[in-house]
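Below is one structure, written out as structure tokens, with a few remarks after it.
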Number of protein chains: 2
Amino acid sequence: MPSKPLPPITMDAVYAAPGYLFRRMQQIAVSIFMEECKAFDLTPVQYAALIAIHTHPGIDATRLSAVIAFDRSTLGSVIERLQAKDYIERKPAPEDKRIKLLYLTKSGAAILREIIPVVERAQARMLEPLKPADRKALMGLLVQLVDLNNEASRVPLRAEDALERLGKAG
Amino acid sequence: MPSKPLPPITMDAVYAAPGYLFRRMQQIAVSIFMEECKAFDLTPVQYAALIAIHTHPGIDATRLSAVIAFDRSTLGSVIERLQAKDYIERKPAPEDKRIKLLYLTKSGAAILREIIPVVERAQARMLEPLKPADRKALMGLLVQLVDLNNEASRVPLRAEDALERLGKAG
DNA sequence: TGTTAATTGACAGTATACTCACGATCTAGG
DNA sequence: CCTAGATCGTGAGTATACTGTCAATTAACA
């Protein structure tokens with residue numbers, strides 16, 4: 001008996017699949033970000049980390065990972081690189097010897113000030129091909145979907161938790 | 001003179017930025033894929049490669065990378081892993097000693113047959129939190145945006161080119 | 001209080017995802 | 001025919017993005 005044939009799969013089915021489109025869009029977004037920011041030697045993740053540290057001075061690595069929905073293991077090397085570039089500094093927490101608190105340096109604040117308008121241009125470029133109404137619709141749907149799927153990811157966003165604990169600790 | 005203060009940035013601005021949402025959605029999509037497919041030891045990229053090789057038997061690595069919009073350097077290790085699992089085989093092209101042609105093995109065809117419905121469930125789960133009309137709208141907008149931004153990515157999709165060249169060569 | 005449980009940061013391991021560069025090979029132009 | 005340029009696969013190097021595990025430390029509880 002011959003083995004059952006594969007169902008008739010076309011690449012077009014792949015090109016219309018959500019997973020493929022999300023991967024492709026992420027690829028394109030990173031590409032545009034790096035192109036706009038090539039003068040700055042900052043990756044999208046490093047940028048997000050800088051913003052979060054600026055917004056929450058004295059945050060620790062674990063809470064930072066929750067605030068930007070970023071894997072804690074990977075974050076270690078991201079922090080190392082930001083520290084090597086002298087954009088952030090780590091200070092041991094006096095009340096908990098396990099924790100190292102993160103702060104922007106002057107260099108970090110300076111590069112943030114310069115790069116923010118550039119990043120905003122990059123963000124705009126990602127949606128530029130769409131009509132303004134469609135941009136709004138897409139962003140609205142994505143915000144919804146990311147929020148409703150938050151628990152599905154391995155590193156759920158925990159913005160509020162992180163803030164609460166920070167307030168409790170400091 | 002004091003240095004200019006940073007503009008008032010909030011994490012909410014980051015959470016609403018296209019780049020952040022695309023990264024987050026990709027993260028969630030991979031998570032759901034891996035969860036549904038954990039019995040199969042196949043990553044999303046490996047799955048896409050298998051589908052493309054099934055659709056274009058005898059494709060070479062460079063054209064495969066164009067067909068799935070996947071970086072050529074990374075593809076080398078993906079192919080190695082698929083070969084190690086005995087899902088694909090590589091045969092030297094008789095008319096061009098540089099090229100190695102890719103084919104599904106019986107194992108590869110078998111796992112594809114099993115995994116396709118599982119992947120479809122994963123794809124459905126990614127959009128599940130949205131209302132059906134919103135799912136359609138989101139996919140429509142994403143297909144548009146990915147297509148219009150194709151050239152912005154470092155590895156543009158070249159589905160037709162790849163097919164043409166394949167036809168010319170074989 | 002004393003032992004268990006949880007948390008923190010670090011490390012090893014795997015898999016994308018990109019850069020640039022290199023040798024082998026093929027193709028085109030002269 | 002023969003050299004210049006393009007192309008193929010590969011490798012090194014960097015940066016996410018996840019899985020584990022581990023020791024040190026802190027917190028919780030019997």
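Please read these numbers as outputs of a predicted model, since none were measured by experiment. Numbers restart at 1 for each chain; the letters A, B, ... are given by sequence-line order, proteins then strands.
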Between Arg72(A) and Ala69(A), just flag the one whose closest nucleotide in DNA chain D comes earlier from the 5' side.
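Whichever sits nearer the 5' end wins; that is Ala69(A).
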
Answer with base, sugar-phosphate or nothing: what part of the nucleic acid does Thr43(B) contact at a heavy-atom distance below 4.0 Å?
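Since only primed, P, OP1 and OP2 atoms lie under 4.0 Å of Thr43(B), the category is sugar-phosphate.
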
If you look at every strand shown and take non-hydrogen atoms under 4.0 Å, does Asp71(A) touch a base, only sugar-phosphate, or nothing?
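Asp71(A): base contact, heavy atoms under 4.0 Å.
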
Does [N] have its OP1 or OP2 closer than 4.0 Å to a side-chain nitrogen or oxygen of [X]?
X: Ser73(A); N: dG20(D); value: no
X: Lys97(A); N: dG9(C); value: no
X: Thr62(A); N: dG9(C); value: yes
X: Arg90(B); N: dC8(D); value: no

Go through Tyr20(B) and Tyr15(B) one step at a time and tell me if the ring pair (Phe, Tyr, Trp, His ring centres under 6.0 Å) criterion holds.
CA-CA 6 Å; Tyr20(B) 173 83; Tyr15(B) 297 152; 5.3 Å; yes

Tell me, which of residues 24-36 of chain B have any heavy atom that sits under 4.0 Å from an atom in DNA chain D?
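Within this stretch, Gln27(B) sit under 4.0 Å of the strand.
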
Going by number, which of residues 75-85 of chain A have a non-hydrogen atom under 4.0 Å from DNA chain D?
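Only Val78(A), Arg81(A) qualify.
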
Would you kindly give the CZ-to-C1' distance between Arg98(B) and dC26(C), to the nearest whole Å?
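Whole-Å distance recorded here is 4 Å.
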
Are Asn149(B) and Arg125(A) close enough that a side-chain donor and a side-chain acceptor fall under 3.5 Å?
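Result is no, nothing qualifies.
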
Selected nucleotide, minimal atom distance to Ile99(B) side chain, candidates dA15(D), dC18(C), dG9(D)
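Ranking dA15(D), dC18(C), dG9(D) by closest atom to the Ile99(B) side chain puts dG9(D) first.
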
